[in-house]
2 protein chains.
Amino acid sequence: MHTLSRKQREIQQREQQILAMARPMLVRDGYAGLSMDRLAVEMEYAKGTLYNHFPNKEEIVAALALESLELRRQMFEQASTLSDNSRKRMMAIGAACEKYAIECQQHFAVELMLRNAIIWEKASEQRQQLIRTCELRAMGVVAGVVRDAVALGDLHLPEMTPEEFVFGFWSLTFGSHVLIASSPSLPDIGVNQPVRSIRYHGWTLMNGYGWQPLMSFEESDRCMHDLAERISIGVQH
Amino acid sequence: MHTLSRKQREIQQREQQILAMARPMLVRDGYAGLSMDRLAVEMEYAKGTLYNHFPNKEEIVAALALESLELRRQMFEQASTLSDNSRKRMMAIGAACEKYAIECQQHFAVELMLRNAIIWEKASEQRQQLIRTCELRAMGVVAGVVRDAVALGDLHLPEMTPEEFVFGFWSLTFGSHVLIASSPSLPDIGVNQPVRSIRYHGWTLMNGYGWQPLMSFEESDRCMHDLAERISIGVQH
DNA sequence: GACACTTTGTGACGCGACGTCAATAATTGA
DNA sequence: TCAATTATTGACGTCGCGTCACAAAGTGTC
């Protein structure tokens with residue numbers, strides 16, 4: 001009984017160890033560069049043992065992506081509590097997106113891999129469900145901020161669900177950071193300050209919807225900066 | 001001399017034939033599913049012959065992506081000529097983005113592959129240059145519309161280059177279509193009409209910048225629809 | 001402590017994919 | 001016609017994924 005639980009704990013821990021070992025390989029060498037053989041060698045276990053924990057390589061990547069997604073969700077949740085002002089709450093989430101994409105580049109990159117059909121489809125149904133749930137919760141946090149803003153009268157939604165409203169900001173920040181991360185040289189095409197320009201677009205978009213309280217871009221920018229500093233990057237358990 | 005040129009023409013043609021054969025495989029089976037062995041078999045040439053034309057698999061993918069990018073650029077150029085009204089010219093480009101991402105899904109998907117570091121880095125310097133040039137030209141078309149709008153007094157740019165201004169709209173449409181294409185079920189998260197909602201966000205963003213002439217969303221939506229119909233999907237030579 | 005039984009670990013193997021290269025065939029020019 | 005150049009071929013080396021028959025370790029009972 002005692003040894004049994006020790007053995008079982010050992011096995012459970014190993015799952016985390018595998019992921020901890022795989023993450024840097026995945027980040028450094030990309031999806032194709034993550035090799036089950038090398039991973040097994042570095043873990044000092046046989047390949048078969050890895051396959052006792054994960055049915056295939058994609059499942060490992062999906063597990064890592066879920067961890068990253070969890071981190072982002074955490075950051076969103078924290079960000080949503082940093083102000084009473086509804087508009088600033090939304091800005092805080094924007095700041096979280098920025099911080100995640102820039103300071104947690106690796107996590108952003110790993111999360112992005114899930115959007116590859118091959119990886120998504122080979123992941124287990126169960127893991128897919130966990131991921132969907134996590135994404136749903138992240139969306140819930142942001143949509144909640146929007147709902148609160150509407151309830152407070154700070155924002156009037158046109159014929160659109162709060163989620164569709166959020167979708168616009170999501171596309172804006174997501175799209176920009178994908179472009180930033182994958183366009184070797186935006187400056188060469190004339191985009192010198194991509195991050196600042198996206199802040200400006202976000203600010204303008206909020207103005208376009210008349211989200212109260214209005215504020216100058218300078219104030220908004222300063223505010224984003226302060227909010228970003230107050231968002232902590234959660235620790236993986 | 002006569003036979004020489006015939007042989008040479010045959011070889012040049014073959015490059016196109018390879019690409020024409022590779023595209024459906026790439027679209028159907030994804031990057032990993034495109035196999036040089038199978039491609040060689042289907043072409044009824046030996047694998048070595050393929051490698052006389054393309055130094056590696058990535059170069060084939062990059063060549064296909066360049067074709068797709070060219071198509072998009074063409075569509076942008078045509079779109080930019082469909083109206084005299086500066087705001088509608090920008091809307092036409094938005095319509096082109098929509099049409100490209102939805103009706104030319106395969107092209108959009110192939111173009112997206114270029115954003116994978118592994119593919120980009122293994123492509124030849126020369127092909128990279130062609131791609132960069134094409135992207136630059138596409139950006140030039142859109143930035144040109146913005147510059148014209150400013151010159152006409154329809155739009156006042158804040159402290160931002162036209163390219164940075166475009167970058168916002170680019171992020172919005174690009175991001176949304178990546179999300180649409182790769183999120184199995186946006187409706188499950190409450191996003192029921194993603195395309196329409198992005199049109200609305202785009203409209204709001206333009207309003208936020210005070211882009212003249214202002215118009216109701218209904219009119220704008222109708223206009224986008226009409227413009228989209230007038231954009232033709234270019235033919236690959 | 002011995003013994004049957006279950007769980008866990010192992011790595012050689014099959015398969016398929018990429019890219020190479022020495023040998024072969026075709027083409028060219030004189 | 002024939003040598004020289006160019007194009008084509010496909011077997012081969014290497015690597016990676018995932019499997020599976022076998023070995024080892026752990027577990028519970030007498």
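Here is how names work: the chains are called A, B, and so on, in the same order as the sequence lines, proteins then strands, and each is numbered from 1.
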Quick one, Glu77(A) with Arg72(A), criterion salt bridge (Lys or Arg N to Asp or Glu O under 4.0 Å). Give me CA distance, side-chain angles, the key distance, then yes/no.
CA-CA 9 Å; Glu77(A) 260 168 18; Arg72(A) 182 160 65 84; over 6 Å; no
Please give, in whole Å, the distance from [N] [atom2] to [X] [atom1]?
X        : N       : atom1 : atom2 : answer
Arg38(A) : dC15(D) : CZ    : P     : 12 Å
Leu39(A) : dC17(D) : CG    : P     : 9 Å
Glu44(B) : dG10(D) : CD    : C1'   : 16 Å
Tyr51(A) : dA12(C) : OH    : P     : 16 Å
Tyr31(B) : dA17(C) : OH    : C1'   : 11 Å
Lys57(A) : dA17(C) : NZ    : C1'   : 13 Å
Leu34(B) : dC18(C) : CG    : P     : 7 Å
Phe54(A) : dT19(D) : CZ    : C1'   : 19 Å

Donor-acceptor pair between Glu111(A) and Ser68(A) side chains, under 3.5 angstrom:
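Ser68(A) and Glu111(A) do not have a side-chain donor-acceptor pair below 3.5 Å.
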Is a donor from one side chain sitting under 3.5 angstrom from an acceptor on the other, for Tyr31(A) and Glu58(A)?
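Yes, Glu58(A) and Tyr31(A) have a side-chain donor paired with an acceptor closer than 3.5 Å.
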Under 4.0 Å between a side-chain nitrogen and a carboxylate oxygen: does that hold for Asp221(B) and Arg199(B)?
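Looking at Arg199(B) together with Asp221(B), the answer is yes, because their closest N to O distance falls below 4.0 Å.
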Would you call Arg147(B)-Glu163(B) a salt bridge at under 4.0 Å N-O?
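Result for this pair is yes, salt bridge flagged.
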Nucleotide of dC18(C), dC17(D), dG18(D) approaching Glu58(A) most closely (side-chain heavy atoms)
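Within the option list, the nearest is dG18(D).
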Which nucleotide in the set dA11(D), dG18(D), dA17(C) lies at the smallest distance from any side-chain heavy atom of Asp37(B)?
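Given the options dA11(D), dG18(D), dA17(C), the side chain of Asp37(B) is closest to dA17(C).
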Identify the heavy atoms of Leu34(B) and Val61(B) that sit nearest to each other, and give their distance.
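The answer is CD2-CG2, 4.1 Å.
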Closest non-hydrogen atom pair between Val145(B) and Met90(B), with its separation
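Looking at all heavy atoms of both residues, the closest pair is CG1-N, 3.9 Å.
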Short side-chain N/O contact from Lys47(B) to OP1 or OP2 of dG10(D), under 4.0 Å
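False: Lys47(B) side-chain N/O out of range (4.0 Å or more) of dG10(D) OP1/OP2.
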Are OP1 or OP2 of dC18(C) and a side-chain N or O of Ser35(B) less than 4.0 angstrom apart?
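Yes, within the criterion.
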Between N or O atoms, less than 3.5 Å apart, protein on one side and nucleotides 5-9 of chain C on the other: list the pairs.
from, atom 1, to, atom 2, distance (Å)
dG9(C), OP1, Arg14(A), NH1, 3.0
dG9(C), OP1, Arg14(A), NH2, 2.6
dG9(C), OP2, Arg14(A), NH2, 3.0

